[in-house]
Engineer: 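Before we start, here is the structure in question, set down as structure tokens.
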Amino acid sequence: MAAYMLAVCDITNMKPSLKEYSEKSAALVKKHGGKYIVRGPQVENYEGNLLDGKMVVLAEFKNIDDINTFINGDEYQKETKHLREGTGTYHVAIYEGV
């Protein structure tokens, strides 16, 4: 069953390392069978203000195991994730598809 990784990001410091993080994490998402559905700021706000100024990333994977392999793997945890340090606040969750 398809699974989704959702990240809501409040970027407060656009450091140069964030571009490298973005490139490396994108390559890892692809390597683990994922694809981006949404990746960026809102185009229009419909209701509420929770997402104002936030970046949203929604990636689809074949299953939860593929997401966990990506997010818990050394390539992400040891070689990539640190590149976003000091750039903002990140909220990440995993959801099963219907």
Side-chain angles (χ1 to χ4, degrees):
M1 171 183 296
Y4 299 86
M5 181 183 67
L6 174 66
V8 178
C9 315
D10 185 11
I11 307 298
T12 56
N13 184 10
M14 200 61 111
K15 293 168 61 171
S17 62
L18 194 56
K19 182 174 192 240
E20 184 180 359
Y21 169 82
S22 180
E23 292 168 354
K24 283 186 169 188
S25 61
L28 289 173
V29 164
K30 185 175 182 179
K31 178 180 177 178
H32 292 280
K35 66 178 181 178
Y36 289 110
I37 306 299
V38 175
R39 191 176 187 207
Q42 66 191 22
V43 174
E44 181 179 337
N45 191 49
Y46 176 71
E47 189 172 333
N49 61 3
L50 181 69
L51 299 175
D52 284 350
K54 307 293 189 286
M55 300 286 285
V56 172
V57 178
L58 178 62
E60 179 182 50
F61 289 78
K62 293 177 194 167
N63 54 57
I64 287 177
D65 290 340
D66 288 347
I67 296 174
N68 284 322
T69 299
F70 154 69
I71 209 160
N72 295 316
D74 284 348
E75 285 180 291
Y76 182 74
Q77 288 295 323
K78 294 181 179 178
E79 300 171 24
T80 306
K81 187 177 178 182
H82 71 91
L83 295 168
R84 72 176 201 199
E85 287 178 8
T87 62
T89 304
Y90 298 82
H91 302 274
V92 182
I94 299 170
Y95 298 88
E96 282 189 313
V98 294

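Given the structure is predicted, the values throughout are model-derived calculations rather than measurements. We're numbering straight along the sequence, starting at 1.
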Engineer: For the residue pair A3 and N63, what are the closest heavy atoms and their distance?
Structural biologist: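 Minimum heavy-atom separation between A3 and N63: CB-C, 3.6 Å.
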Engineer: Report yes or no: does K15 contribute a side-chain atom to a donor-acceptor pair with the main-chain N or O of E85 at less than 3.5 Å?
Structural biologist: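 Answer holds: yes.
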Engineer: Same cluster or not: V57 versus V8, using hydrophobic residues (I, L, V, M, F, W, Y) connected whenever any side-chain heavy atoms lie under 4.5 Å apart?
Structural biologist: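 They do not share one cluster, since no chain of ILVMFWY contacts under 4.5 Å joins V57 to V8.
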Engineer: Any idea which heavy atoms bring F61 and H32 closest together, and the distance?
Structural biologist: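 What the structure gives for the nearest pair is CD2-O, 3.6 Å.
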Engineer: Hey, any chance L83 and M55 share a hydrophobic cluster, counting ILVMFWY side chains that come within less than 4.5 Å of each other, even indirectly?
Structural biologist: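 Yes, one cluster joins them.
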Engineer: Can you list everything that forms a salt bridge (Lys or Arg N to Asp or Glu O under 4.0 Å) with K24? Sequence neighbours excluded, please.
Structural biologist: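 Only E20 meet the salt bridge (Lys or Arg N to Asp or Glu O under 4.0 Å) criterion with K24.
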Engineer: Between the main-chain N or O of L18 and the side-chain N or O of S22, is there a donor-acceptor pair closer than 3.5 Å?
Structural biologist: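 A pair under 3.5 Å: no.
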Engineer: Can you tell me how far the CZ atom of R84 sits from the OG atom of S17, to the nearest 0.5 Å?
Structural biologist: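 So the gap between those two atoms works out to 11.5 Å.
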Engineer: Does the side chain of I71 reach to within under 4.5 Å of the side chain of V92, using non-hydrogen atoms?
Structural biologist: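 I71 reaches V92 side chain to side chain.
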Engineer: Is I94 reachable from L28 through a run of hydrophobic residues whose side-chain heavy atoms are each under 4.5 Å from the next?
Structural biologist: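 Cluster IDs for L28 and I94 match.
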Engineer: Linking I/L/V/M/F/W/Y whenever any side-chain heavy atoms sit under 4.5 Å apart, do F70 and Y90 land together?
Structural biologist: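 Same cluster.
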Engineer: Quick one: NZ on K81 to CG on D74, what's the gap to the nearest 0.5 Å?
Structural biologist: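 Nearest 0.5 Å value for the NZ-CG distance: 13.0 Å.
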Engineer: Write down the atom of E79, the atom of H82, and the distance for their closest heavy-atom approach.
Structural biologist: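 Nearest pair, atom of E79 first, then H82: O-NE2, 3.5 Å.
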Engineer: Group every Ile, Leu, Val, Met, Phe, Trp and Tyr by side-chain heavy-atom contacts under 4.5 Å, then state whether M5 and Y76 land in the same group.
Structural biologist: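 Yes: a chain of side-chain contacts under 4.5 Å links M5 to Y76.
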Engineer: Checking N45 side chain against G48 main chain: does a donor-acceptor pair fall under 3.5 Å?
Structural biologist: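 Such a contact is found between N45 side chain and G48 backbone.
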Engineer: Check the pair I64 / Y4 against side-chain contact (heavy atoms from CB on, under 4.5 Å), numbers first and verdict last.
Structural biologist: CA-CA 8 Å; I64 287 177; Y4 299 86; over 6 Å; no
Engineer: Compare every heavy atom of S25 with every heavy atom of R39, then report the nearest pair and how far apart it is.
Structural biologist: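 Here R39 and S25 meet closest at NH2-OG, 4.3 Å.
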Engineer: Please step through side-chain contact (heavy atoms from CB on, under 4.5 Å) for the pair M14 and T87, ending with a clear verdict.
Structural biologist: CA-CA 6 Å; M14 200 61 111; T87 62; over 6 Å; no
Engineer: Treating E60 as the side-chain partner and Y36 as the backbone partner, does any N or O pair qualify as donor plus acceptor under 3.5 Å?
Structural biologist: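 No; judged by distance alone, with no hydrogens or angles, the pair does not exist.
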Engineer: Got a donor-acceptor contact below 3.5 angstrom from the D10 side chain to the T89 backbone?
Structural biologist: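 Side chain of D10 to backbone of T89, a donor-acceptor pair under 3.5 Å: no, none is there.
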